Amino acid sequence: MSAQTGAREIVEPSGGDTEFVFFSGKGGVGKSTVSCATATWLADNDYETLLVTTDPAPNLSDIFEQDIGHEVTEIDDIDNLSAIEIDPDTAAEEYRQETIEPMRELLDDEQLETIEEQLNSPCVDEIAAFDNFVDFMQSPEYDVVVFDTAPTGHTIRLMELPSDWNAELEKGGSTCIGPAASMEDKKAQYERAIDTLQDDEQTTFAFVGKPEDSSLDEIERSASDLAELGIESQLLVVNGYLPESVCEDPFFEGKREDEQAVIERASEEFDADATATYPLQPGEIAGLDLLADVGGVIYDGEEATVEVGSATDVDTDQSVDVEALADPEAVTEQLTPGEDTRYLFFTGKGGVGKSTVAATSATKLAEAGYETLVVTTDPAAHLEDIFGEPVGHEPTSVSQANLDAARIDQEKALEEYREQVLTHVREMYADKEDTELNVEAAIANVEEELESPCAEEMAALEKFVSYFQEDGYDIVVFDTAPTGHTLRLLELPSDWKGFMDLGSLTKGAAPAKGDQYDEVIETMQDPERSSFAFVMYPEFTPMMEAYRAAEDLKDQVGIETAFVVANYLLPEAYGDNAFFANRRAQQEKYLGEIKDRFETPMMCAPLRRDEPVGLDELRAFGDEITGLSDLKKREEEVTIS
């Protein structure tokens, strides 16, 4: 299947003002590949093109096979094409300095220290990235600017805080992205940028995903969030489907049938002007020839070239012994509790299989005799689909002894959180007789602040924290752990460590809540009580995104990674041809890199024909995963002793 009519017309500039193409998608779906191929195709069609990535794990340099970095760089052997890899840490620091520098002569040391604390908000990282979008959206020297990694609905909503800019500026308040006064000269720029994003004549918004139902579900949810902000999705690229010619056994024939069904669903259900597809290659896509192939397929309707090669292409010096990498005993030790409840956190980007791994682990731990609760904070919340049973907002029993499950309903959690905050604020000011304070206006201001996407994160975190008070469980398994980003919200300069400081209203509120959060953070930092595991599959982008997130957790919050989960490992019993031999060699190379980077025990999980659904299949899958397969024996040993 090749490009549908319309992909070319969608991305090709009309010849007026600079136009913009944004590619969005989870890590590891081929977003950078499609972005690079699009930029190359545009340049080859004589459009002066700039390619920009704000991806924290950039691989433009690898794809183009030349150094790029934090400065605009001309791409070798392609006229009309330049690229830049924006370093998010550098961008955030530049934003902080630009914000605070004009205030140094106006404020005392204590005031400056408060502002510096505000500017350590994780939201500032997102605003800094958006600042770079704004800079490059004012680049008249280019016909088109292609962005690898688009601003999310979360980021764009931050631009609307506070929605009444003038009122906030006049009262000199603060926001989760810094003092309101520093926003004054940004206001018009941000508003123009959002207007441009909402203009489908000047801006194309494209999603890239894998041929999997879960990937398409996430894209549809993200597209819906953007549509609510007036931004329409115009192009969907489904990347990495199995070529028919290499599927020579029932295992991969079945997987290809499933993928084709997802592609059909995408073309029928996803509300985009065009859908295009590109097949999986035997190795990583790099170099101009392969980029030209991708661009030709998506935009010119050409047939894809899949150079399978032969097994002799495999670099045997790079191969590793997968079984030797796994450390079942060390993983099992991280899974099982001591005298106190153990908390297990499975985290990772969308599409890496963390929900399945979390549910499988919980099922096997319950089977081993541990009272287990599994909780999902994932917006997709498909534990119900995995267990094949209803899973509610509060813990409910599933048809497995010792096993309960719950999913945090974000809308309910946010409503509970809003009510809690507003009730507390009303109580704070109920007996105030300060004539200068307009209590109703103050409450209205808090209500506005509660529209922040940060409030959604804090609401989920509030519910998340409540599970640390659940009695009667040996183990609580979290599907989707709070990120360093979310946990850093607790470090904002407010005496109430459960809410961002958007003014003075929450100051001094509920100090006991702060103590409770401190205890939870301390529990998560304690390797005897908690284990954080990053789930990934052995490719460059999932590995690097997981590594960066793990480093962020360690540096910002003091939480060490306990073990890693390498998922979707190609089975040796199927795919006996050169295509899969090369894919296995690539996986082995990255498994070695994962081991070197993380220096932790590794749990290995094989690729399955179908995702396991129901308790019987979860138990069977658990028997194939290193670290889970011998839990029963270990529990018997504990019982005997």
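Predicted model only: the values in this text are computed from it and were never measured.
The closest side-chain heavy-atom distance from Ile63 to Ser32 is below 4.5 Å. Residues Phe22 and Leu197 meet the side-chain proximity criterion, which asks for heavy atoms closer than 4.5 Å.
Put simply, OH on Tyr278 and CG on Leu290 are 5.5 Å apart, with the number rounded to the nearest 0.5 Å. Between Ile68 atom CD1 and Ile84 atom CD1 the span is 10.0 Å, to the nearest 0.5 Å. The CG atom of Leu42 sits 14.0 Å away from atom OH of Tyr142, with the distance rounded to the nearest 0.5 Å. Rounded to the nearest 0.5 Å, atoms CD (Glu220) and OG (Ser233) are 10.5 Å apart.
Under the 3.5 Å distance criterion, the side-chain polar atoms of Glu85 are matched with a main-chain donor or acceptor of Leu60.
Comment: Arg548 does not engage Glu551 in a salt bridge, judged by the lack of any side-chain N to carboxylate O separation of less than 4.0 angstrom.
Within a 6.0 Å radius of CD in Glu411, no more than 12 heavy atoms belonging to other residues, nucleotides or ligands are found. Heavy atoms of other residues, nucleotides or ligands lying less than 6.0 angstrom from CG of Asp109 number 12 at most. Summarising the local packing, CG of Asp67 is surrounded by 12 or fewer heavy atoms from other residues, nucleotides or ligands at distances under 6.0 Å. Residue Glu269 places its CD atom among more than 12 non-hydrogen atoms of other residues, nucleotides or ligands, all under 6.0 Å distant. In this structure, Asp77 places its CG atom where only 12 or fewer heavy-atom neighbours from other residues, nucleotides or ligands lie under 6.0 Å away.
Counted by atom type alone, Glu19 and Ser14 present one or more donor-acceptor pairs between their side chains at under 3.5 Å. Using modelled atom types and a 3.5 Å distance limit, the side chains of Glu93 and Gln97 yield a donor-acceptor pair. No hydrogens or angles considered: nothing links the side chains of Tyr299 and Glu12 as a donor-acceptor pair under 3.5 Å. Asn80 and Thr49 form no side-chain donor-acceptor contact under 3.5 Å, judged by distance and modelled atom types alone.
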If you apply the rule side chain to side chain contact (heavy atoms under 4.5 Å, CB included), what do you find for Leu216 with Leu236, and how did you get there?
CA-CA 10 Å; Leu216 186 57; Leu236 171 65; 4.2 Å; yes
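The distance between the ring centers of Phe20 and Phe133 does not fall below 6.0 angstrom.
Partners of Phe23 according to the ring pair (Phe, Tyr, Trp, His ring centres under 6.0 Å) rule, which considers only residues two or more places apart in sequence or in another chain, do not exist here.
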